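Just so you know, these numbers come straight off a predicted model, no measurement behind them. Counting from 1, the numbers follow the sequence of the chain as shown.
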Amino acid sequence: MDYQALVEGAMRTVVREALRRVAADGLPGDHHMYVTFRTQAPGVDIASRLVAQYTDEMTIVIQHQFWGLDVSEDAFEITLSFSGRNERLHIPLDAVTGFADPSVNFGLQFKAPETDEEDDDDALNLPEDLDAPDGESGETETDETPKSGEVVALDAFRKKK
């Protein structure tokens, strides 16, 4: 049995369901989401200027300025503003490499597709403060090489009572 694939599928279901709730009801309270995805992955449809700027990976912030969030079984679409221009993004869930809601210290990291390089088994390490300044549209870029992990310990992301 490929347990890793089963776990990856279950974690992608968490991302899909969280996005569906936002699409239906909006973002509650201070919640906001960071979604990191591979810009060259099959099925990703974003403006060529964004692919040129973010050749491998891009992180979007779903917080203040987003429109038309539509979530299907295997992908989501969203309109975000980049440098004053609205752009429609189509992102398959299989292209997502990271998902975080820093308001509740929750994050997931997905294993990158198999390559010839060695796997990096580090778990997701979120910066202490991921908040984007108010009014920012939603684009950020990570300079680090994406990290993949075999096991994600969710206890580290739970809010302390």
Side-chain angles (χ1 to χ4, degrees), residues 1-46 50 54 56-82 86-114 121-132 134 136-142 146-161:
M1 279 210 201
D2 186 354
Y3 286 109
Q4 182 61 39
L6 292 171
V7 170
E8 290 274 326
M11 291 188 330
R12 289 185 195 286
T13 298
V14 170
V15 174
R16 182 181 59 237
E17 292 308 311
L19 291 171
R20 279 185 173 162
R21 289 181 183 191
V22 171
D25 303 322
L27 284 164
D30 292 332
H31 287 271
H32 53 289
M33 300 170 177
Y34 290 109
V35 181
T36 302
F37 64 96
R38 293 175 290 120
T39 57
Q40 301 289 332
V44 170
D45 185 11
I46 62 175
L50 296 176
Y54 303 100
D56 296 319
E57 192 171 71
M58 180 176 175
T59 298
I60 59 172
V61 180
I62 301 174
Q63 186 172 17
H64 297 297
Q65 296 181 351
F66 68 93
W67 304 270
L69 178 58
D70 184 34
V71 185
S72 69
E73 284 300 307
D74 59 357
F76 70 98
E77 292 188 35
I78 190 168
T79 300
L80 297 170
S81 179
F82 297 91
N86 287 354
E87 300 285 356
R88 187 78 176 159
L89 290 76
H90 176 89
I91 304 166
L93 292 172
D94 285 344
V96 174
T97 59
F99 174 84
D101 182 344
S103 70
V104 292
N105 292 326
F106 179 80
L108 298 171
Q109 180 134 3
F110 299 95
K111 185 174 181 180
E114 294 298 320
D121 292 332
D122 292 341
L124 177 66
N125 293 314
L126 293 175
E128 285 186 28
D129 182 15
L130 289 175
D131 288 296
D134 285 348
E136 283 202 9
S137 63
E139 65 184 270
T140 59
E141 179 178 14
T142 57
K147 294 182 176 154
S148 63
E150 296 299 317
V151 177
V152 176
L154 297 180
D155 291 339
F157 301 108
R158 290 198 175 119
K159 207 172 206 179
K160 305 226 189 299
K161 294 181 180 183

How many angstroms lie between CD in Gln65 and OG1 in Thr79, if you round to the nearest 0.5 Å?
12.5 Å
Between the CG atom in Leu93 and the CD atom in Glu8, the distance rounded to the nearest 0.5 Å is 12.0 Å
Which distance, rounded to the nearest 0.5 Å, do you find between the CD of Glu57 and the OG1 of Thr97?
3.5 Å
Looking at every heavy atom in both Ser103 and Asp30, which two are closest together, and how far apart are they?
CB-O, 3.3 Å
Do Pro92 and Phe37 come within less than 4.5 Å of each other through their side chains, counting heavy atoms only?
no
If the threshold is 4.0 Å, N to carboxylate O, is there a salt bridge linking Glu73 and Arg20?
yes
Any heavy-atom pair between the side chains of Ile60 and Ile91 that's under 4.5 Å?
yes
Let me confirm one number: the NE2-CG distance from His32 to Leu27, rounded to the nearest 0.5 Å.
9.5 Å
Rounded to the nearest 0.5 Å, how far apart are CG of Leu50 and CD of Glu87?
5.5 Å
Using a 4.5 Å cut-off on heavy atoms from C-beta on, say whether the side chain of Leu19 contacts that of Ile62.
yes
Side-chain donor or acceptor of Arg12 paired with backbone N/O of Val96 under 3.5 Å
yes
Provide the closest heavy-atom pair for Val71 versus Arg16 in the form atom of the first, atom of the second, distance.
CG1-CG, 3.7 Å
Determine the minimum heavy-atom distance between Leu89 and Ile46, stating which atoms define it.
CG-CG2, 3.6 Å
For Asn86 and Ser81, the nearest pair of non-hydrogen atoms, with its separation, is OD1-CB, 3.5 Å
Nearest atoms (heavy-atom pairs only) where Val22 meets Met33:
CG2-CE, 3.4 Å
What verdict does the side-chain hydrogen bond (donor to acceptor under 3.5 Å, both in side chains) test give for Ser72 and Asp70, after you've listed the backbone C-alpha separation in whole Å, the side-chain angles of each residue and the deciding distance to 0.1 Å?
CA-CA 7 Å; Ser72 69; Asp70 184 34; over 6 Å; no
Should Asp45 and Glu77 count as side-chain neighbours, where that means a heavy-atom distance under 4.5 Å?
no
Can you see which heavy atom on Val44 is nearest to which on Arg38, and at what distance?
CG2-O, 3.3 Å
Rounded to the nearest 0.5 Å, the CD1 atom of Ile78 sits from the CH2 atom of Trp67 at a distance of 9.5 Å
Answer yes or no: is there a donor N or O on one side and an acceptor on the other, between the side chain of His90 and the main chain of Arg88, under 3.5 Å?
no
